[in-house]
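All heavy atoms count here, side chains included; hydrogens, waters and symmetry mates do not.
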Amino acid sequence: MSKSGKILSVIAIIVVLFFGATAIGRTVWNTYWHDVEKADDNTSYENRKKVEDTARAYISSYNADVDIYNTYCNDENENMKSYAESARIRAIQTANSYNDYLQKNSYVWADNMPDDLPSTLSTDIGSDEAE
């Protein structure tokens with residue numbers, strides 16, 4: 001083996017050991033790949049579509065439960081009132097999940113969120129009728 005081949009082999013071994021066996025090397029490696037993944041997420045149409053579709057699913061579920069609550073909250077039948085209360089609880093849980101989800105994925109839109117997606121869903125459902 002030539003002298004330059006030996007030098008390249010030694011350099012390759014040092015690089016592999018640095019990135020594979022040292023804390024600093026692993027930190028550099030992981031930081032680099034994290035940044036690459038973040039850039040992909042920020043510019044990926046598929047990721048943006050997935051986040052938007054999920055947000056729309058939350059909104060649909062929320063609206064359905066709010067409609068059920070509003071329809072049956074004043075019903076004389078206790079079973080229907082119970083059904084309405086269950087829908088109200090589901091709507092509040094969905095609103096909390098949606099609000100958390102949008103906050104965690106806000107980087108996807110970079111201050112350019114679709115106009116028809118609300119920035120938050122209200123958790124104040126039927127509060128004036130709770131008493």
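Here the closest heavy-atom approach between residue L102 and residue S119 is recorded as CD1-O, 3.7 Å. Residues N74 and K81 approach most closely at C-CE, 4.4 Å, considering heavy atoms. The minimum heavy-atom distance linking D124 with S122 is given by the pair N-OG, 3.0 Å. A pairwise comparison of heavy atoms in I125 and R88 identifies O-CD, 3.1 Å as the closest pair. Across L117 and I59, no two heavy atoms sit closer than the pair CD2-CD1, 3.5 Å. Here the closest heavy-atom approach between residue T123 and residue N96 is recorded as CG2-OD1, 3.3 Å.
Here OG1 of T27 is found 13.0 Å from NE2 of H34. Values are rounded to the nearest 0.5 Å. A distance of 11.0 Å separates CG in D35 from CG in N30, rounded to the nearest 0.5 Å. The OH atom of Y83 sits 9.0 Å away from atom OG1 of T71, with the distance rounded to the nearest 0.5 Å. One distance of note links OH of Y62 with CG of D67; it measures 10.0 Å at 0.5 Å rounding. Note: E85 CD to C73 SG = 10.0 Å, rounded to the nearest 0.5 Å. Here the straight-line distance linking atom CG of L121 with atom OG of S97 works out to 10.0 Å at 0.5 Å rounding.
Looking only at distances, no side-chain donor or acceptor of S61 sits under 3.5 Å from a matching main-chain atom of A57. Proximity of a side-chain donor or acceptor of S82 to a complementary backbone N or O of E78 within less than 3.5 Å is not detected. In this structure, the side chain of S106 engages the main chain of Q103 through a donor-acceptor pair within 3.5 Å. Between the side chain of Y98 and the backbone N or O of P118 there is at least one donor-acceptor pair closer than 3.5 Å.
Checked options K50, K49, R56; the residue passing with D53 is K49 (criterion: salt bridge (charged side-chain N to carboxylate O under 4.0 Å, His left out)).
Hydrophobic clustering of Ile, Leu, Val, Met, Phe, Trp and Tyr side chains at less than 4.5 Å, counting indirect connections, keeps V10 apart from V15. No chain of hydrophobic side-chain contacts below 4.5 Å, direct or via other Ile, Leu, Val, Met, Phe, Trp or Tyr residues, connects V16 to I7. Linking Ile, Leu, Val, Met, Phe, Trp and Tyr residues whenever their side-chain heavy atoms come within less than 4.5 Å leaves F19 and I14 in two separate clusters. One hydrophobic cluster holds both V36 and V28 under the rule that ILVMFWY side chains link at heavy-atom gaps under 4.5 Å. Put simply, Y32 and F18 are part of the same group of oily side chains (I, L, V, M, F, W, Y) that touch within less than 4.5 Å, one to the next.
Counting only heavy atoms from C-beta outward, the side chains of D65 and Q93 never approach each other to under 4.5 Å. The closest side-chain heavy-atom distance from N47 to Y107 is below 4.5 Å.
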Please determine whether side chain to side chain contact (heavy atoms under 4.5 Å, CB included) holds for the pair Y69 and I92, giving the CA-CA distance in whole Å, both sets of side-chain angles, and the decisive distance to 0.1 Å. CA-CA 11 Å; Y69 173 76; I92 292 169; over 6 Å; no
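Heavy atoms from other residues, nucleotides or ligands lying under 6.0 Å from OH of Y72 number 12 at most.
Note: Y101 and Y58 have tilted aromatic rings, judged against thresholds of 30 and 60 degrees for the angle between ring planes.
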